[in-house]
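Report on one structure; see the data block that follows.
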Amino acid sequence: MSLTATLLLSVAVLVALIVAAGIFTWAERRLLGFLQERLGPNRVGPFGFLQWVADTVKLIAKEDAPPAGADVAAFRLAPALAAAPVLAGFGVVAFAPGLVVADLDMGVLFVMGMLALTVWAMVLGAWGSRNRYAMLGGLRAAAQMLAYESFLGLSLMGCVLLAGSFRMGDIVAAQQDGAWFILIQPLGAVLFFIAGIAAAHRLPFDLQESEQDLVAGFMTEYSGMSFALFFLGEYIAVLLVAALFTTLFLGGWAGPILPAPVWFGLKVGAICALFVWLRAALPRPRYDQLIGFAWKVALPLALLNLLVTGWIAVGDAP
Amino acid sequence: MSLDTATTSALQALRNRFGRAVLAEQPTAEGFPVVWLSPEVWQDAHRFLRDEIAQPFPLLADLWAIDETGRRHRDGQPASGITLCSHLISLARNADIRLKLATQGRAPSVAGIYANADWYEREAFDMFGLDFGRETRRILMPPTWDGHPLRKAHYARATEKPPFVMTDRFFDAEERATVTDPAELGLPVARDGEELMVLNFGPHHPSTHGVFRILLGLDGEEVVWAWPDIGYHHRGVEKMAERQTWHGFIPYTDRVDYLGGVISELPYLLAVERLCGITVPERAQMIRVMLCEFYRILNHLLFYGTMAQDVGQMSPVFYMFTDREKAYDAVAAITGARMHPAFFRIGGVAMDLPRGWQGLVQEFLNWMPARLDEYQRMVLNSGLFRARTVGIGAYDTDTALGWGTTGPGLRATGCDWDLRKARPCSGYENFDFDVPTGSRGDCFDRTRVRADEMRESLKIIRQCLENMPEGPIKADHPLTTPPPRGAMQSDIETLIPHFLQMTWGTHVPAGEATGQIEGHRGLTQYAIVSDGGAHSHRTRIRTPSFAHLQMLPKIAPGMTVADLVAHIASIDFVMSDVDR
C-alpha cells in the first residue's frame, strides 16, 4: 500500500472506531434496557440513536478539573494512555483480505501488547488522582492484569500453532481451508473469551472500577473529556477483543454472499452483544476469587490446551 | 404479651434476689411488669436477668430515657428527673420485663453486660445529657450541637430560638467537626508494624444505602476495623411526636422507615389503642394485615434487587421494580398513595376497600410466584452469587441476640422467633403461614430467608383476599379518630371527643403503653407515654436497623471491602430507620 492509502485508511479506521464506540454505548444501553424490562435512551433522534452524540457534547462541555493534591502530569497522561493503545491495536486487524493498516507478521502479539498497555492508564490514573478508592482500583487493576495476561496469551497460542503464523490475515486464511478454530479449539475459545472480558475490564471482571465497593475505582476523580477518554478506551477495547475473537476463532471476514467487511462487522457486533448480555446477567466475583481462578484454573487449562494442540500439530507435521 | 406465670416468676425472682432494691412495680396496662429499681442494683439486676435466672432474658430490646419534667400523672412512680428505661425480652419465656431507674442526670452503665447498650446509652446521653460515667460521644446529633434535644427545656421549633445565622466561624467549626482521627477514637493505626489505610466509606457512597459513614482501617483490602458513624439522617422524630397530636403523628411513622409504608403505623396505633381501650373491628384488622404484608413484599423486593446489585448483578433490581409497580397498583387503589399512605387511623383505617380491589390483589397474587421462581434461578442459584455470599458475614443466634438483632437477620441463624407467631397482633393468629429460617446466619441465608418470606406474605395476602370479613372499618368508640359519623351525630359522648379532636386533637388517657410488631426488618416497638393531653409526653421508637448496624464493628474485621458491601446490603437497613 502506498503511504497516502495507508494514511487515508488510518484516518478512516480511527473515525469509524470512534463512531462505532459511540454507537456501541447507545446500543449497549438499549440492549440492557431491553433485557431489563425498561426502555433505555429513546428520546434523542430516531430510537434515541443520537444519544451518544448528545452525551459527547455534554462530556466536552463539562469541567474537567484535577483534584487538589493530584499529580497533574500523571492525572492528564492516564486518559490518553487508556485510549491510544487500543486504537493502535486496530492497526493490525484485517477487516477484509488486504484491508489492514499495517499487515504485521506478529499482529496478534502486537494486539496483546497494546491491550496490556491499558493497565498503565489505570495505575497511573489511580496514582495521579490521590484518592484512596482510586488507589484500591489501581492496585486491583495491576493484580488482575498479571493474572489474566498469564492465560490470555496462552489461550490463543493454539490458533497460532494451527495457523503457523501470528499474522491476522494468515490466521483467517487458515480457517478457510478447514473449520473455524472455535470448533477445533473450543477450550481455547472459552478461555480467551473469559480473559478478553478481563482485558476489556467489563462486568463481571470490572473489579478495578466496581462501583458497588470502589465508587468508580481508578476513574473516581475523572470528569469531562478525561472521563470520556477512559470510557472510549473501554469500549474500543471491547471492540478490539471482539475483533480478535472473530479473527482467531470465527473465521474473520469469511462468509457467503455479503462482502467481507460486513461479515467482519456482523461477527464483531454479535460478540459485543454477548458482552452486554453477560453484563446484564452475571454478578461480579470478589477480586481474590478472580485472581485465584486465573492462576489455579484458567492458566493450567490454557497450558493443557496448548500442550495437546502442540502434540497434534507436531504429530501432523510431515 | 400476656402476664403469664413465667413473667410473674421473673418478677418474683427479681424481688427474691434484690429485696427492697426493687422499689416499686408500676401499674400499667402493658401486660408485662414494669419495675423501678434503685441505682445500686441497676447493673446487677441486668446481669441477673441476662445470666443467672433460669430461662434468661438475652435480648436488650431497647434502652431509652424519659424527661419527667412537667408530667402530671405519675401515680405509683418514684420521683425522678430523667427516667432511664430498659426493655428486656426472653425468647424462652416469650415474655418481657421493663426496668426503670429514677435519675437526676447520672446513671450506671450496663454496656458491659448487654453489648448493644453501648449505642443506646450514647443516644440517651446525646438526647438527654444522661451521664453514664464512661466516655461518651454524641451519636445522632452533630458534635457541635448545643444542648440535649429531647429534654423538655430544649426547643422544638426553630421559631423558639433566635434566628439562625451562617457565619464563617460557624462553618469553620462545622468543618473541623467532620475530621475524625482514628487514634483519638482508640482505634489501631497499624498492624504488625504496617500502617493501616483509613478509608472514609460514605456518607455519600453508592453502597451505604443512605447517608451512613463507616471509617474503615484497611490492610490491603482486608478490613481490620470498622467504625460506623450515624446521625446524618436524624430528623428528631421522637421530638416531633411530642409536638404533634396523636392523630397527626401517624404520617411521621411512615417516614421513620420510609420503605415500610404503613408497617410502622401499626405498632404506634397498637400502643395508642391500648391506652384508649379501643378494640379494632375485624375487617379493619384484616385490611391492616393485608397492607402490612404488601409493604413487607415491597421492601423485600427492593432488598433482594439491591442485594444482587451490590454483588455486581445489575438486572434483578429492574425486574423487581416492575413487580413493585404491580404491588403499588393495588396499594395505591386501596390507600390512594404509594410510599407513605398514612392509611391507618386510631381505631381502624381511613377508608373502606374500593370496589374491585379483589381484582388488583388477585392480579398481583397471580403475577408474583412465577417471578419469585425466576429470581431463585437468577440470584440464589447463581454460582457467582453463592461465591460472594455463602459464609460471608456469618454470626450465630447468641451473637445476634446479644447485639439486639431481630427479624430476618436473627431467623437466618436458625432461630424462628417471629412476633407474628410468638405474639400475634391484629389477627395474625388467624393466618396460616410459616416462618422461614436459615442455618448459617450468613449473607446468603439472610437473602434466602427474605426471599422465602415473600412467599409467606403472598400466602397471607391470599387468605386476606379469601376471608375478608364484612363490617365496619372503624371501632365504635369515642376516641376513634375521627369517630364514626353516625355516632357523632346522635351521641353526646362521641360529639364532645369529636369536637376536641377537630380543635385540639384526640385526648388519649394518661398512661404508658407499648406496641410491638414484627416489622419487615425485625422488632419495631413504640413505647408511648401519655399525660392525658392531645400530645404525647414521650414517644420512644425502637427500630431494628439501629440495633443491626451496631453489630457491624464486631462482624466486619477480616472481610474484604467487597465482602463488607455484600454484608451491609444483607443487613437491609434504611438510614431513616436508624437515625429516626
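In what follows, chains carry the letters A, B, and so on, assigned in the order in which the sequence lines appear, proteins first and then strands, with residues in each chain numbered from 1.
Taking CZ from A:Arg284 and CE from B:Met314, the interatomic distance works out to 10.0 Å, rounded to the nearest 0.5 Å. Put simply, OH on B:Tyr319 and CG on A:Leu35 are 6.0 Å apart, with the number rounded to the nearest 0.5 Å. The distance from the OG1 atom of B:Thr322 to the CD atom of A:Glu37 is 4.0 Å, given to the nearest 0.5 Å.
Residue B:Ile392 touches chain A through its side chain alone, counting heavy-atom pairs closer than 4.5 Å. With a threshold of 4.5 angstrom between heavy atoms, B:Ala562 approaches chain A through its backbone and through its side chain. Heavy atoms closer than 4.5 Å to chain A are found in both the backbone and the side chain of B:Val198. Proximity to chain A is limited to the side chain of B:Leu218, based on heavy atoms less than 4.5 angstrom apart. Contact of A:Arg279 with chain B is made through backbone and side chain together, with heavy-atom distances under 4.5 Å. For A:Tyr133, the parts lying near chain B are the backbone and the side chain together; criterion is any non-hydrogen pair under 4.5 Å. Only the side chain of A:Gln289 has a heavy atom closer than 4.5 Å to any heavy atom of chain B. Interface residue B:Phe201: backbone and side-chain heavy atoms are both found under 4.5 Å from chain A. Looking at A:Leu32, only its side chain comes within 4.5 Å of chain B, counting heavy atoms on both sides. In this structure, chain B has heavy atoms under 4.5 Å from both the backbone and the side chain of A:Arg286.
Contact count versus chain A (heavy atoms, under 4.5 Å) is highest, among B:Asp563, B:Asn200, B:Leu564, B:Val379, for B:Asp563.
Annotation: B:Trp367, atom CH2; neighbour count of heavy atoms from other residues, nucleotides and ligands within 6.0 Å is above 12. Within a 6.0 Å sphere centred on CH2 of B:Trp225, heavy atoms belonging to other residues, nucleotides or ligands number more than 12. No more than 12 heavy-atom neighbours from other residues, nucleotides or ligands sit within 6.0 angstrom of CG on B:Asp168. Heavy-atom contacts from other residues, nucleotides or ligands closer than 6.0 Å to CZ of B:Arg371 number more than 12.
Side chain of A:Arg38 to backbone of B:Phe318: no donor-acceptor contact under 3.5 angstrom is found. In this structure a side-chain-to-backbone donor-acceptor pair under 3.5 Å is present from B:Gln313 to A:Ala281. Proximity of a side-chain donor or acceptor of B:Ser315 to a complementary backbone N or O of A:Ala280 within less than 3.5 Å is detected.
In this structure, A:Asp288 and B:Glu221 have side chains that are not in contact, with every pair of non-hydrogen atoms separated by 4.5 Å or more.
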